[in-house]
There are 2 protein chains.
Amino acid sequence: MHNNITTILKAIADPTRREIFHALVISATALPITQISDQFEISRQGITKHLKTLENAGLIRINTNGRERYCYADTHPLKEVNQWLKTYEEFWDDTLDNLNTYLDKS
Amino acid sequence: MHNNITTILKAIADPTRREIFHALVISATALPITQISDQFEISRQGITKHLKTLENAGLIRINTNGRERYCYADTHPLKEVNQWLKTYEEFWDDTLDNLNTYLDKS
DNA sequence: CAAATAGGCAACCAAAAAGTTGCTTATTAA
DNA sequence: TTAATAAGCAACTTTTTGGTTGCCTATTTG
């Protein structure tokens, strides 16, 4: 589990992984892999790879129970993304002003 | 300029691109491409490719002036990322609780 | 116990991404 | 007006990514 910002961003940059993550977040219970892959068109192995990427980013945890592996979301790593975003938050409302200032000057 | 969430996330998922973006945000003035690429080890062409990716995500704008092309950051697309994040904000503080609930049950 | 189920592992494939080099063109400066 | 500078374009290479298939193992269940 790296948990660095690049790993997290790369994990959520893929739409399928965001879908998987979302499904796990809104699901009240943890879900075994097959039950997750049933919701998607791609193969179980494809889903497993995505799950591994998400797990590596710390966005999901997997708990083995017998022959089943239950997955559940962990939203904590998103805090790191939020922190990164916050650095630029102050610019959100005035970037365009700066832009105009620049255009006026040129 | 797509400006959809996947395009934006993929753009910021690369550490070099985040560095370029950061350099442009904190720079008071717009910077021509050569001046940007001077700050990095990779070739100017490599930088140009990254700039194109950032521009495509709407994170930078490029203004041609004579033989120079001035780049400046636009943080607005980050709002979209922030909105995506917000969906999960409510879970940030209690994901671990849910996790524990699950573990207790099993 | 036999059959079904859940999932892992590994090899493979195609497309995309990250980067390079070489060459060309336009603009500016000496 | 020649030389230098800024940058684009295109071709190419390597690595990563997203996905597949086939087969094997472990755990359940009838």
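Reminder, nothing fancy here: chain letters follow the sequence lines and each chain counts from 1.
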(message) If the cut-off is 4.0 Å, is His50(B) near the phosphate of dA17(C), judged by side-chain N/O to OP1 or OP2?
(response) no
(request) When you get a sec, tell me which of dG8(C), dA6(D), dG19(D) is the closest nucleotide to the side chain of Arg69(A)? (result) dG8(C)
(request) Using the closest heavy atom to pick a nucleotide of DNA chain D for each, name whichever of Gly66(A) or Thr48(B) lands nearer the 5' end. (result) Thr48(B)
(message) Can you confirm whether or not the ring centre of His22(A) sits under 6.0 Å from the ring centre of Tyr88(B)?
(response) yes
(request) Compare the minimum distances between each of dT17(D), dA11(C), dA18(C) and the side chain of Lys10(A), then state the nucleotide with the smallest one. (result) dT17(D)
(message) From CG of Leu51(A) over to P of dC9(C), roughly how many Å is that when rounded to an integer?
(response) 13 Å
(request) For Ile42(A) and dT20(D), give me the distance from atom CD1 to atom C1', rounded to whole Å. (result) 11 Å
(message) Would you compute the distance between atom CG of Leu31(A) and atom OH of Tyr72(A) and round it to the nearest 0.5 angstrom?
(response) 12.0 Å
(message) Has Arg17(A) got a side-chain atom pairing as donor or acceptor with Lys10(A)'s backbone, closer than 3.5 angstrom?
(response) yes
(request) Report yes if some heavy atom in the side chain of Glu68(B) is under 4.5 Å from a heavy atom in the side chain of Thr34(B); otherwise report no. (result) no
(request) Establish whether the base of dG7(C) is bridged to the side chain of Glu68(A) by a donor-acceptor pair shorter than 3.5 Å. (result) no
(message) Starting the side chain at C-beta, find the nucleotide from dT17(D), dA6(D), dG8(C) nearest to Thr34(B).
(response) dA6(D)
(message) Whole angstroms only, please: what is the NZ-P distance between Lys52(A) and dG19(D)?
(response) 15 Å
(message) With hydrogens left out and only the distance checked, is there a donor-acceptor pair under 3.5 Å joining Gln45(B)'s side chain and the base of dG8(D)?
(response) yes
(message) Heavy atoms only, 4.0 Å cut-off, all strands: where does Ser43(A) land among base, sugar-phosphate and nothing?
(response) base
(request) Using a heavy-atom cut-off of under 4.0 Å over every strand shown, decide if Thr53(B) touches base, sugar-phosphate, or nothing. (result) nothing
(request) Report which part of the nucleic acid Gly46(B) touches: base, sugar-phosphate, or nothing (heavy-atom distance under 4.0 Å, all strands). (result) base
(request) Calculate the interatomic distance between Asp38(B) atom CG and dA6(D) atom P; express it in whole Å. (result) 8 Å
(request) Could you check which of dT20(D), dG7(C), dG8(D) has an atom nearest any side-chain atom of Arg44(A)? (result) dG7(C)
(message) Assuming nearest nucleotide by heavy-atom distance, tell me which of Ile62(A) and Arg67(A) is located more 5' along DNA chain C.
(response) Arg67(A)
(message) Could you tell me how far apart Arg17(A) (CZ) and dG18(D) (P) are, to the nearest whole angstrom?
(response) 4 Å
(request) For residues Ser37(B) and Ile47(B), report the shortest heavy-atom separation together with the two atoms involved. (result) CB-CG1, 3.5 Å
(request) Calculate the interatomic distance between Arg18(A) atom CZ and dG18(D) atom P; express it in whole Å. (result) 12 Å
(request) Would you mind reading off the distance between Ile33(B) atom CD1 and dT25(C) atom P, rounded to a whole angstrom? (result) 19 Å
(request) Would you kindly give the CD-to-P distance between Gln35(A) and dG7(C), to the nearest whole Å? (result) 9 Å
